[in-house]
Amino acid sequence: MRERHGDCKMKKIYIQEEYCIGCRLCEIYCQVKHSKSKKIIKAFKEEMIDILPRVLVEEIGYNSFAIQCRHCSDAPCVEACISGAMQKNKNTGVVTCDEDKCVGCWSCIMVCPYGVIRRNLSGKKIASKCDLCIDEEIPVCVQNCPNEALKFMDKDAKEKNPVGTKTGRKNEK
Amino acid sequence: MKSKNDNRKNNKMFKDNETIDYLIIGNSAAGLAAAESIRELDKSGEIMILTGENYLNYSKPMITYFLSGTVNLDMIHFKDDKFYKDNRLDVRLNTRVKSIDTDKMFLITDDGNRYEFRKLLIASGGRPIVPKIKAIGTKSSGFIDGTNYDKTEGIFTLTNLEDAVRVKNYIEKNGIKNISILGGGLIGLKAAEAFLEKGIDVNIIELADRILAATFDREASGIIEKKLKSTGSNIYMNNTIEEIHIGSGKITGYKLKDGEKMECRLLVIAVGVNPDTGFISSGSLDMARGIIVDDHMRTSAKNIYAAGDVVEGPDMISGGKRNIAIWPLAVRQGTAAGLNMAGGNKKYGGGFFMNSVELLGIPSISMGITNVAEEKEGFEVLKYLNTNQDMYRKVIIKNNRIIGVILVNNIERAGIYSGLIRNEIDISSVKENISREDFGIIHLPADYKKHLVVGEGIEV
């Protein structure tokens, strides 16, 4: 279990799009993580259609990146949620959707500027989004990215080690 | 202000009353967002909330989900008891405001109590519009209107939980299998959605030549109309109810403008909602349709703020002021109002209309200005229509900025468009991609894309 921390020290997933090779392993491990069996073969054989990946790889040609909920500090999805299902945890900063409370009105989809909330229609209609794998040391999409295209760190670490460079040198702009 | 007598009487009665630090009229999205924000900055000030309703908390947009049975009364709240306790909110139920003295800073409630305040937030929401309709068979006036419609059994409005509970009970008690809805706008269609889910047929009567006329264009309305008709529902366009027929105190039917007579045991009047400003005496606050507020949610009176469905606030798209009665903006306005009431300095930043509605399994999202005459005023319209799959996507552009979007059926990633509207992004370099079915961040202008992908999180 990760340490609880306020939003400013909150660890987030940062995207290094230059390093994404579009392998989609992040999507696969996300699906497995959110499956019932948690086993890759079983999940794919039996549960696949019901599990939406909560990280999304976008790709045109050789240009690709993986994106998931940014856990915004002023999260518009929380603001727009009519049921109280979408909440930002005051201690961890993680934005999660309480699936029991969600009524599938899609207000969150309407306002998320990243477009990273999806409709889960496998059972009762609910919004599906990244929960930052709160019970893991490192979210599985980051853990299983073979090329460090996703990094899990807090803001300070990000500033010391700018995203987009492997060595930590300042990114030329 | 109205009654000096009342004041004196109440003064005497409530001599010991202290002045309340933060008084909030309204216990819904805007009022509670404000309360939470006030408490962020002011840990000790007294916050009191007045509501005319009898429920501690429920989500107004969810009343149709309650009707359809998706949620029950235990699940319809959007804030739990702990929220009220943690933020130390003193809520007074069944307490309707009668009048406000904006100069002397106190208000009077229907039950005669007087509340003095240091800061006031008016977040009283909206009230349903009930048009005056000729009624045959009433004992009294010969008309149905806002003052007496609820005296006739089977006639309802549907804007609060009490309405929904009464409609639900009435359906169950009388075994209603067919419901007429006057008004094919958002409230009417959300109600239709709930009834259809319960297996109840609906007749929708709409004054315009199509449903959802204010938020959809002709193509989008057409897709929903076609689907509605395929389920056995009827839509009467260019039409309205001319007279209501009443027998033994109950509605029995009505006559349409085109002369057709209909049987009806349950009529929902859903022609619209007005800001609930009845307790504000004319001249005490700057008003248009709603209470006019600035970008800090201040009204024209000192120490009095307003937020939510009751206001006319900054509209990002027109640049003017507009009443945009939607949940996300109510929360945003309430948050800004609360912070400012407690001494902060928070700009609201304006908003624009948006709505998500799913009818008969067809989800749709519309935002901004959705219905324009293309040739006029330099609008550019990009469309994608797949009639077989009822798939529709329309993007309206002016000066290279998106000002409106309609999505029917494929609503995935709709929020990317709201981000583009809110941030006024120049999309001229990516115009050919903008109405793609698989539109995503990767298609966005390079700078904005980088901002979304590499950034910490954007200012929203």
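Proteins come first, then strands; the chains are lettered A, B, ... in the order of their sequence lines, and each starts at number 1.
Between chain B and the residues A:Arg118, A:Lys101, A:Glu59, the largest count of heavy-atom pairs under 4.5 Å involves A:Lys101. Interface summary for chain A: among B:Ala33, B:Ala330, B:Pro328, B:Ser356, the most heavy-atom pairs under 4.5 angstrom belong to B:Ser356. Ranked by heavy-atom pairs under 4.5 Å with chain B, the first of A:Leu121, A:Ile109, A:Ile67, A:Ile117 is A:Ile109. In terms of heavy-atom pairs under 4.5 Å with chain A, the best-connected choice from B:Ile326, B:Leu329, B:Asn355 is B:Asn355. Across A:Ser64, A:Cys112, A:Cys108, A:Ala66, the residue that shares the most heavy-atom pairs under 4.5 angstrom with chain B is A:Cys112. Of all the listed residues (B:Lys79, B:His77, B:Met75), the one sharing the greatest number of non-hydrogen pairs under 4.5 Å with chain A is B:His77.
With respect to the salt-bridge test (charged N to carboxylate O, under 4.0 angstrom), the residues A:Glu79 and B:Arg332 qualify. With respect to A:Lys42 and A:Glu47, no salt bridge is recorded, no charged nitrogen being found less than 4.0 Å from a carboxylate O. For A:Lys33 and A:Asp131, the salt-bridge test fails: no basic side-chain N is under 4.0 Å from an acidic carboxylate O.
Heavy atoms of A:Cys81 lying under 4.5 Å from chain B belong exclusively to its backbone. When heavy atoms are compared at a cutoff of 4.5 Å, B:Val71 approaches chain A solely by way of its side chain, counted from C-beta outward. Interface residue A:Lys125: only side-chain heavy atoms are found under 4.5 Å from chain B. For B:Lys449, the part lying under 4.5 angstrom from a heavy atom of chain A is the side chain only. Proximity to chain A is limited to the side chain of B:Ile365, based on heavy atoms less than 4.5 angstrom apart. Of the atoms belonging to B:Pro61, heavy atoms from both backbone and side chain fall under 4.5 Å from chain A.
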Checklist entry - So B:Lys346 and B:Glu40, salt bridge (Lys or Arg N to Asp or Glu O under 4.0 Å) or not? Walk me through it. => result CA-CA 13 Å; B:Lys346 176 81 179 174; B:Glu40 253 172 54; over 6 Å; no

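For the side chain to side chain donor-acceptor pair (under 3.5 Å) condition, the pairs that include at least one residue of residues 66-75 of chain B, sequence neighbours left out, are B:Ser68-B:Thr70.
At a threshold of 4.5 Å between non-hydrogen side-chain atoms, the residues A:Ser83 and B:Tyr65 do not count as touching. Under the 4.5 Å side-chain criterion, counting only non-hydrogen atoms from C-beta, B:Phe439 is in contact with B:Leu444.
Side-chain contact check for B:Tyr348 and B:Asn340: no donor-acceptor pair (N or O, by modelled atom type) lies under 3.5 Å.
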